[in-house]
Amino acid sequence: MVHLHGGHTPADSDGYPIDLVLPTSGAAPADHAMPVMADMADMADMVRDVATGERAYTYPMNQRAATLWYHDHRMGHTGLNVWRGLAGFHLVHDDESDALPLPRGERDIPLMIVDRSFAADGSFRYPVSAGGVADAYMNGVLGDVILVNGAPWPVARTDPARYRLRLLNASNARRYRLELDPQPPGGSALVQIGSDGGLLDRPVGHDALEIAPGERFDVVVDFSRYRPGTKVRLVNRLGSGGTAEVMRFDVTGRDRGDDSAIPGRLSAGAVRLTPQRAVATRTFSFRQRRDGTWTINDLAYRPGRALARPKLGTVEIWRFVTDFHHPVHLHLDPFQVLSRNGREPGPYDSGWKDTVDVRPSEAVEVLTRFTDYQGAFLLHCHNLEHEDMAMMADFITT
């Protein structure tokens, strides 16, 4: 099954984790049997909507322009399947964003950043066992090679001009602190213009960006701030060795023509929610039980068991509390970050988001409005190994 991450999508096209698509033979290969998770019902309850050969998804695109992505969402196998390549960009445009003088065409570059490990024969190496990921990797699988759009440590040749970089962390578990090296004169090397859910109201300058699995940041980099011939490295300050290098931009192009600009006001179309409109506040605790199971509210995932039943058209405050580092992803509608530990949102929380990085022993409050589509949707950790090991929950809109 396929999940359009960030898509405002009907429930039957959201990639629910047991809406399987079987081969035309009607049977899944033996090595793709569903692993057993704690607290599950029997296998008869694991079947909801099984298709054979193909499945049609409907994406109405009733949403703002944004950098979305899609990936496999099969229960118990998301980490393995995404590691092997079942993921890609899905870019949404609208009249508002297309009217802005932002970089476009060859200067609008989506960058999918992942880490991978390889076996001696060049195949992907992923630590699976008969029951799922090996116990030693319960905190998440990390690779030792950084790929950008499928290439290890690539080099891009740029003109001395502005470029829009759509940064996506599609790694299973790795976080990045991205910086340009060298920094351009004057700082604010990465000017953020968009987040998970589309354009910000106004641009925000950063010297570095911290990006967790599932998050996206749209930034503009002005390579004309560098001397011609400069080799600009995109580095990961949270990595070491091969994972400290992401890619390189060589400012060697000769085209100095650039009619792009970064407007002081990017979007007037995003309606801000207010906490006063919230009809409920719910708390979701992301923690690991003593038996090693990753849980939400002390419950391992079981399809059909809803931890919340919000009504369409209402606004709610959802509070995420963690004991570990968890990027929390909410399906159906984006949200706005209200606070971290009762204080102001962090420097990377601007705009509409669908994934928020929650640090150990932290409480993050978000505000969202549930719209348009009834049915079962998901809340889960986007560390894909945590997700596969049951850190996921249903909520049902009514």
Side-chain angles (χ1 to χ4, degrees), residues 5-9 11 14 62-68 92 96 192-202 204 210-218 266-286 296-297 306-322 326-359 361-382 392-398:
H5 185 124
H8 186 56
T9 305
D14 192 49
N62 179 26
Q63 61 187 105
R64 304 171 67 221
T67 299
L68 310 184
V92 181
E96 180 187 45
Q192 184 185 358
I193 59 170
S195 187
D196 303 339
L199 292 170
L200 305 184
D201 294 341
R202 300 180 183 277
V204 178
E210 293 186 10
I211 181 170
E215 288 188 300
R216 287 90 68 209
F217 289 89
D218 282 17
L266 293 165
S267 176
V271 177
R272 298 291 299 177
L273 303 178
T274 60
Q276 292 75 21
R277 295 182 58 190
V279 300
T281 298
R282 306 180 194 268
T283 298
F284 301 90
S285 176
F286 291 72
I296 300 177
N297 290 353
L307 299 192
R309 293 180 180 270
K311 294 185 180 297
L312 290 180
T314 62
V315 175
E316 294 192 0
I317 296 172
W318 284 20
R319 187 169 182 262
F320 307 137
V321 182
T322 67
H326 298 295
V328 177
H329 174 47
L330 181 64
H331 288 214
L332 180 60
D333 285 291
F335 53 75
Q336 296 164 354
V337 179
L338 288 179
S339 67
R340 288 182 178 268
N341 285 340
R343 302 182 180 89
E344 292 295 314
Y348 312 115
D349 292 334
S350 299
W352 287 90
K353 297 181 63 61
D354 55 55
T355 306
V356 62
D357 194 23
V358 188
R359 300 175 181 87
S361 302
E362 188 172 46
V364 173
E365 289 189 332
V366 306
L367 190 65
T368 190
R369 183 165 66 94
F370 301 92
T371 60
D372 295 329
Y373 305 120
Q374 294 182 337
F377 296 90
L378 292 168
L379 166 72
H380 62 87
C381 177
H382 219 281
M392 190 159 57
D394 284 5
F395 67 92
I396 296 177
T397 53
T398 62

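Below, each value reflects all heavy atoms present in this structure, side chains not excepted, and no hydrogens, waters or symmetry copies. None of the values given here were measured: they were computed from a predicted structure.
For the pair Arg340 and Arg359, the minimum side-chain heavy-atom distance is below 4.5 Å. For the pair Phe395/Trp318, a side-chain contact is recorded, criterion being any heavy-atom separation below 4.5 Å from C-beta on. With a 4.5 Å cut-off on side-chain heavy atoms, Arg369 and Leu273 count as touching. Ser267 is listed as a side-chain neighbour of Arg64, based on a closest heavy-atom distance under 4.5 Å. When side chains are defined from C-beta on, Val328 counts as touching Phe286, because their heavy atoms get closer than 4.5 Å. Asp354 places none of its side-chain heavy atoms less than 4.5 Å from the side chain of Leu330.
Closest heavy-atom contact between Val337 and Pro345: O-CG, 3.4 Å. Glu96 approaches Leu266 most closely through the heavy-atom pair OE2-O, 4.2 Å. Considering every non-hydrogen atom in both Gly351 and Leu200, the closest pair reads CA-CD2, 3.7 Å. Of all non-hydrogen atoms in Pro213 and Thr355, the two that sit nearest each other are O-CG2, 3.6 Å. When all heavy atoms of Leu367 and Ala278 are compared, the closest pair comes out as CD1-CB, 4.3 Å. In terms of heavy-atom proximity, Val321 sits nearest to Ala363 at CG2-CB, 4.0 Å.
Taking the six-membered ring where tryptophan is involved, the planes of His329 and His5 are essentially parallel, since the angle between them stays under 30° and well short of 60°. Ring orientation note: the planes of Phe217 and Tyr348 are nearly perpendicular, at an angle over 60° on the 30°/60° scale.
With Asp394 contributing its side chain and Leu378 its backbone, the two residues share no donor-acceptor pair below 3.5 Å. Side chain of Gln63 to main chain of Gly6: a donor-acceptor pair is present (N/O by atom type, distance under 3.5 Å, no hydrogens or angles). Remark: the backbone N or O of Glu344 is not paired with any side-chain donor or acceptor of Ser339 at under 3.5 angstrom. In this structure, Arg216 contributes its side chain and Asp196 its backbone to a donor-acceptor pair below 3.5 Å. Under a 3.5 Å cut-off, the side chain of Thr397 and the backbone N or O of Pro310 do not form any donor-acceptor pair. No donor-acceptor pair closer than 3.5 Å links the side chain of Gln336 to the backbone N or O of Thr274. Of the possible polar contacts, one joining the Asn297 side chain to the Ser285 backbone as a donor-acceptor pair under 3.5 Å is found.
Here the OG1-CD1 distance, from Thr322 to Ile296, works out to 11.5 Å after rounding to the nearest 0.5 Å. In this structure, CE on Met392 lies 10.5 Å from NE2 on His382, to the nearest 0.5 angstrom. Atom NE2 of His326 and atom CD of Glu362 lie 12.0 Å apart (nearest 0.5 Å). Taking CD of Gln374 as the start and OG1 of Thr398 as the end, the distance is 6.5 Å to the nearest 0.5 Å. A distance of 10.0 Å separates CD in Glu365 from CG in Asn341, rounded to the nearest 0.5 Å.
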Applying side-chain contact (heavy atoms from CB on, under 4.5 Å) to Leu307 and Phe284, what does each step give before you reach the verdict? CA-CA 9 Å; Leu307 299 192; Phe284 301 90; 4.1 Å; yes
Under the side-chain contact (heavy atoms from CB on, under 4.5 Å) rule, what do Phe335 and Lys353 come out as? Steps first, then yes or no, please. CA-CA 5 Å; Phe335 53 75; Lys353 297 181 63 61; 3.8 Å; yes
Candidate pair Asp14 and Leu332, rule side-chain contact (heavy atoms from CB on, under 4.5 Å), full reasoning: CA-CA 8 Å; Asp14 192 49; Leu332 180 60; over 6 Å; no
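For Ala66, the side chain to side chain contact (heavy atoms under 4.5 Å, CB included) test picks out Leu68, with sequence neighbours left out. Residues passing the ring-ring contact (aromatic ring centres under 6.0 Å, His included) test with Tyr373, sequence neighbours excluded: His8.
Side-chain polar atoms of Thr368 and Asp333 form no donor-acceptor pair below 3.5 angstrom.
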